[in-house]
Amino acid sequence: MRMDDANVDTILKRFFAASGHGRHPETQLRYARVQRQLRLFLEKDGISLLSAPSAQLLGLEAQFQPDSAYARVLGAEELLHALPTFLTGPHLLPDFHDRLAQISLASRLAQWLCSRQLVERTSSWEDVVLTRAAAERARRSAVT
């Protein structure tokens with residue numbers, strides 16, 4: 001599978017492996033919690049953020065194999081589009097340090113998707129800007 005055809009599962013595995021490489025074991029555990037939270041969010045709430053055709057595709061896939069349907073079927077554009085919502089109150093991790101890692105990693109993931117050319121920069125720029133703004137709001141609320 002070429003990376004530009006990669007599904008969300010492949011993208012997240014590669015991003016988190018690269019992000020955690022050489023990090024302290026506690027940081028790796030924190031990153032694993034963030035990845036688990038992101039995957040749970042996508043599977044539970046991601047469908048509400050999709051276009052009608054993508055939502056239909058996900059619904060069909062979930063009928064046949066519900067576990068991790070979002071991660072199997074969808075790709076980088078849908079992942080990027082979901083990141084701003086992932087950084088809102090109800091989806092933020094409760095632990096302060098985990099939450100800071102979540103904010104940082106989501107922002108870095110948006111940039112990574114662009115730098116790896118997994119999304120078209122011009123058509124996805126709004127989602128990048130929204131992710132940065134959501135990260136800044138979440139960061140401010142985390143420290144106040």
Side-chain angles (χ1 to χ4, degrees), residues 1-23 27-143:
M1 173 182 296
R2 292 184 343 207
M3 189 62 172
D4 58 353
D5 293 334
N7 62 17
V8 168
D9 183 55
T10 300
I11 292 167
L12 292 179
K13 284 178 181 175
R14 291 181 183 175
F15 172 76
F16 280 96
S19 295
H21 181 72
R23 302 270 183 173
T27 300
Q28 291 179 357
L29 291 172
R30 191 174 313 285
Y31 286 10
R33 289 190 293 271
V34 171
Q35 181 177 187
R36 187 170 42 256
Q37 178 76 354
L38 178 54
R39 287 176 179 273
L40 287 170
F41 160 74
L42 292 172
E43 297 302 331
K44 182 177 177 249
D45 299 320
I47 194 165
S48 67
L49 303 169
L50 297 173
S51 66
S54 294
Q56 289 174 336
L57 177 64
L58 181 57
L60 289 171
E61 177 67 17
Q63 287 179 3
F64 295 102
Q65 192 175 1
D67 292 340
S68 302
Y70 191 105
R72 271 195 325 280
V73 173
L74 299 170
E77 288 182 11
E78 293 87 3
L79 174 58
L80 177 59
H81 186 68
L83 290 178
T85 304
F86 177 61
L87 293 175
T88 59
H91 306 294
L92 293 171
L93 288 162
D95 177 82
F96 176 75
H97 296 290
D98 287 354
R99 193 174 330 125
L100 291 180
Q102 176 182 358
I103 294 163
S104 174
L105 285 165
S107 187
R108 288 180 11 218
L109 176 55
Q111 182 60 40
W112 190 83
L113 292 169
C114 292
S115 68
R116 296 291 186 283
Q117 298 179 343
L118 298 175
V119 294
E120 169 59 43
R121 189 176 290 263
T122 53
S123 64
S124 298
W125 189 246
E126 181 179 353
D127 287 328
V128 172
V129 170
L130 290 172
T131 300
R132 288 179 181 165
E136 186 55 37
R137 279 191 303 278
R139 199 173 285 115
R140 277 196 310 269
S141 70
V143 296

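Throughout, residue positions are numbered sequentially from 1 according to the sequence presented. Hydrogens, waters and symmetry mates play no part in the numbers below; they use all other heavy atoms, side chains included.
Minimum interatomic distance between Thr122 and Glu120 (heavy atoms only, all atoms of both residues): OG1-OE2, 3.0 Å. Taking all atoms of both residues into account, the shortest heavy-atom contact from Arg99 to Pro94 is NH2-O, 2.6 Å. Residues Cys114 and Arg121 share a closest heavy-atom pair of CB-NH2, 3.8 Å.
A search for side-chain contact (heavy atoms from CB on, under 4.5 Å) contacts involving Ala110 returns Leu80, Leu83, Thr131, not counting sequence neighbours. When the side chain to side chain donor-acceptor pair (under 3.5 Å) test is applied to Gln28, no partner is found at least two apart in sequence or on another chain. Every side chain to side chain donor-acceptor pair (under 3.5 Å) that Gln111 has, sequence neighbours left out, goes to Arg132. Every residue meeting the salt bridge (charged side-chain N to carboxylate O under 4.0 Å, His left out) condition with Asp98, not counting sequence neighbours, appears here in chain and number order: Arg30, Arg33. Not a single salt bridge (charged side-chain N to carboxylate O under 4.0 Å, His left out) links Lys44 to another residue, sequence neighbours left out. Scanning for side chain to side chain donor-acceptor pair (under 3.5 Å) contacts around Gln35 gives Arg39, with sequence neighbours left out. The side-chain contact (heavy atoms from CB on, under 4.5 Å) test applied to Ser104 returns Arg108, not counting sequence neighbours.
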Going through the checks in order, is the side chain to side chain contact (heavy atoms under 4.5 Å, CB included) test met by Arg137 and Leu87? CA-CA 9 Å; Arg137 279 191 303 278; Leu87 293 175; over 6 Å; no
Test Leu113 against Phe15 for side chain to side chain contact (heavy atoms under 4.5 Å, CB included), laying out the working first. CA-CA 9 Å; Leu113 292 169; Phe15 172 76; over 6 Å; no
Is there a side chain to side chain contact (heavy atoms under 4.5 Å, CB included) between Val8 and Glu78 once you walk through the steps? CA-CA 8 Å; Val8 168; Glu78 293 87 3; 5.6 Å; no
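The structure places CG of Leu38 at 6.0 Å from CG of Leu79, a figure rounded to the nearest 0.5 Å. Note that the CG atom of Leu105 and the CD atom of Gln37 stand 12.5 Å from one another [nearest 0.5 Å]. Distance check, rounded to the nearest 0.5 Å: CD1 of Ile103 to OG of Ser141 gives 6.5 Å. Interatomic distance, Thr10 OG1 to Asn7 CG, rounded to the nearest 0.5 Å: 4.0 Å.
Identified under the ring pair (Phe, Tyr, Trp, His ring centres under 6.0 Å) test for residues 48-88, with sequence neighbours left out: Phe41-Phe86. Sequence neighbours left out, not one pair with a member in residues 83-93 passes salt bridge (Lys or Arg N to Asp or Glu O under 4.0 Å).
Between Ser68 and Asp9, every side-chain heavy-atom pair lies at or beyond the 4.5 Å cut-off.
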What pairs of donor and acceptor atoms, side-chain ones from residues 48-62 against any protein atom, are under 3.5 angstrom apart with sequence neighbours left out?
{"from": "Ser48", "atom 1": "OG", "to": "Asp45", "atom 2": "O", "distance (Å)": "2.8"}
{"from": "Ser51", "atom 1": "OG", "to": "Ser54", "atom 2": "OG", "distance (Å)": "3.4"}
{"from": "Glu61", "atom 1": "OE2", "to": "Arg72", "atom 2": "NE", "distance (Å)": "3.1"}
{"from": "Glu61", "atom 1": "OE2", "to": "Arg72", "atom 2": "NH2", "distance (Å)": "2.7"}

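Listed for the Ser115 side chain is a donor-acceptor partner under 3.5 Å among the backbone atoms of Trp112.
Residue Glu136 places its CD atom among more than 12 non-hydrogen atoms of other residues, nucleotides or ligands, all under 6.0 Å distant.
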